[in-house]
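Below is one structure, written out as structure tokens; comments come after it.
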Amino acid sequence: VLSTNIMAATNIAPNSNITTSVNAWHNGNTQTNIRRIVDGNKRTTGTNDYQVHPKNAKNKNIIFKFAKQYNKASFVFYNRTGCCQYRINGSKVEFKNNGKVIETLVFSNVKDQVTLTPSTSTVFNEIVLTFKGDVHNFREIEIFGEVTEDVPASILQNHDNVKVFYCDW
């Protein structure tokens, strides 16, 4: 079923089903950190500069699942500005469609902010951020895309060994 396209300027991350295999955080619990990832706070002062701070994160991930399929995407990562910007380098972002990896992009030479943009023809309903190192700290993630079509509800099933938190704002 085809849907009306939305503008690519729409941040779709807050409406995704966000899960993670990360279970250790510098500040707060998993649910609190999941909310911080997409809360719109991009401030760079004090603890806002590193409000999301996973620990023991090597080879663990944060997964964004969507109820629709998207293309014309961009993945915007707001890094910590005060220090340690190199930590995200080597981590990867996979754009998946129905569980199959369509395109993989890798962070390198990241500063305050980076936008990863797959091919405009890449259709996805899931994005997986997999960390290369153990400790990371960042402010926000935004994901932009245009709707292509609806995805069956079966795609949005929970995974074993992954905590599921729904963002409803």
Side-chain angles (χ1 to χ4, degrees), residues 1-22 33-42 52 54 57-81 84-133 136-159 162-167 169:
V1 178
L2 291 178
S3 300
T4 305
N5 281 355
I6 59 172
M7 295 180 63
T10 301
N11 179 7
I12 60 176
N15 297 319
S16 65
N17 174 4
I18 303 172
T19 61
T20 186
S21 57
V22 175
N33 278 273
I34 290 290
R35 286 186 184 133
R36 289 176 182 161
I37 292 169
V38 295
D39 69 359
N41 179 8
K42 296 178 262 185
V52 183
K58 185 174 184 175
N59 297 320
K60 294 183 180 175
N61 55 47
I62 297 173
I63 301 169
F64 301 83
K65 283 199 171 193
F66 302 94
K68 298 180 182 289
Q69 290 179 314
Y70 293 87
N71 64 358
K72 300 180 183 174
S74 61
F75 182 96
V76 185
F77 183 85
Y78 293 88
N79 208 5
R80 181 177 185 174
T81 60
C84 317
Q85 295 174 334
Y86 62 89
R87 290 179 176 172
I88 196 66
N89 290 336
S91 297
K92 65 182 179 179
V93 175
E94 294 175 317
F95 292 81
K96 293 183 171 186
N97 194 21
N98 297 330
K100 179 182 175 187
V101 176
I102 305 302
E103 191 165 348
T104 301
L105 302 172
V106 178
F107 289 101
S108 64
N109 300 317
V110 176
K111 300 296 181 201
D112 294 352
Q113 176 184 336
V114 66
T115 301
L116 301 177
T117 306
S119 165
T120 58
S121 63
T122 296
V123 175
F124 66 94
N125 56 14
E126 179 179 345
I127 294 178
V128 179
L129 166 60
T130 302
F131 296 109
K132 180 181 179 188
H136 297 274
N137 40 27
F138 57 96
R139 294 173 284 149
E140 184 79 7
I141 292 174
E142 294 177 330
I143 300 169
F144 298 91
E146 289 186 4
V147 172
T148 58
E149 65 180 90
D150 293 330
V151 178
S154 61
I155 299 302
L156 298 174
Q157 297 293 322
N158 295 352
H159 293 293
V162 176
K163 297 178 182 178
V164 178
F165 299 96
Y166 296 92
C167 294
W169 57 82

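Taking CD1 from I18 and CD1 from I62, the interatomic distance works out to 8.0 Å, rounded to the nearest 0.5 Å. Atom CZ of F138 sits about 7.0 Å away from atom CD1 of I88, to the nearest 0.5 Å. Residue R139 holds its CZ atom at 6.0 Å from CG of D112, rounded to the nearest 0.5 Å. The OG1 atom of T20 lies 9.0 Å from the CG atom of N33; values are rounded to the nearest 0.5 Å. Rounding to the nearest 0.5 Å places NZ of K68 at 11.0 Å from CG of N15. Atom-to-atom distance recorded for L105:CG and T115:OG1 is 11.5 Å, nearest 0.5 angstrom.
In terms of heavy atoms, D39 sits closest to N41 at OD1-N, 2.8 Å. Looking at every heavy atom in both residues, S16 comes nearest to A13 through OG-O, 2.6 Å. Nearest heavy-atom pair, V38 versus I141, reported as atom, atom and distance to 0.1 Å: CG1-O, 3.8 Å. In terms of heavy atoms, Y70 sits closest to G145 at CD2-C, 3.8 Å. Counting all heavy atoms, side chain and backbone alike, Q113 lies closest to V76 at NE2-CG1, 3.6 Å. Among all heavy-atom pairs drawn from N137 and N79, the shortest one is O-OD1, 3.4 Å.
Under 4.0 Å is where a charged nitrogen must lie from a carboxylate oxygen, and between K42 and E140 no such pair does.
A side-chain donor-acceptor contact under 3.5 Å links T148 to the backbone of Q69. A distance-only check finds a donor-acceptor pair linking the side chain of S91 to the backbone of K132 [under 3.5 Å]. Panel note: side chain N89, backbone N109; a donor-acceptor pair is recorded below 3.5 Å. Remark: side-chain polar atoms of N61 are not paired, donor with acceptor, to backbone N or O of I63 under 3.5 angstrom.
Here the options are F131, Y86, F107, the test is ring-ring contact (aromatic ring centres under 6.0 Å, His included), and the partner is H136; only F131 passes.
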Test K65 against T19 for side-chain contact (heavy atoms from CB on, under 4.5 Å), laying out the working first. CA-CA 8 Å; K65 283 199 171 193; T19 61; 5.9 Å; no
Inset, instruction - I would like to know whether K60 and V22 meet side-chain contact (heavy atoms from CB on, under 4.5 Å); could you show each step before the answer? - result: CA-CA 6 Å; K60 294 183 180 175; V22 175; 3.9 Å; yes
Before giving the answer on side-chain contact (heavy atoms from CB on, under 4.5 Å), spell out for I102 and V123 the whole-Å C-alpha distance, their side-chain angles and the decisive distance to 0.1 Å. CA-CA 8 Å; I102 305 302; V123 175; over 6 Å; no
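Between F64 and F75, the two ring planes are perpendicular [angle over 60°; tilted spans 30° to 60°].
In terms of the side-chain contact (heavy atoms from CB on, under 4.5 Å) criterion, residue partners of K92 (sequence neighbours excluded) are, by chain and number, E94, T104, V106, T130.
Within the 4.5 Å cutoff, no side-chain heavy atoms of F77 are placed close to those of V93.
With hydrogens and angles left out, the side-chain atoms of S121 and S119 include a donor and acceptor closer than 3.5 Å.
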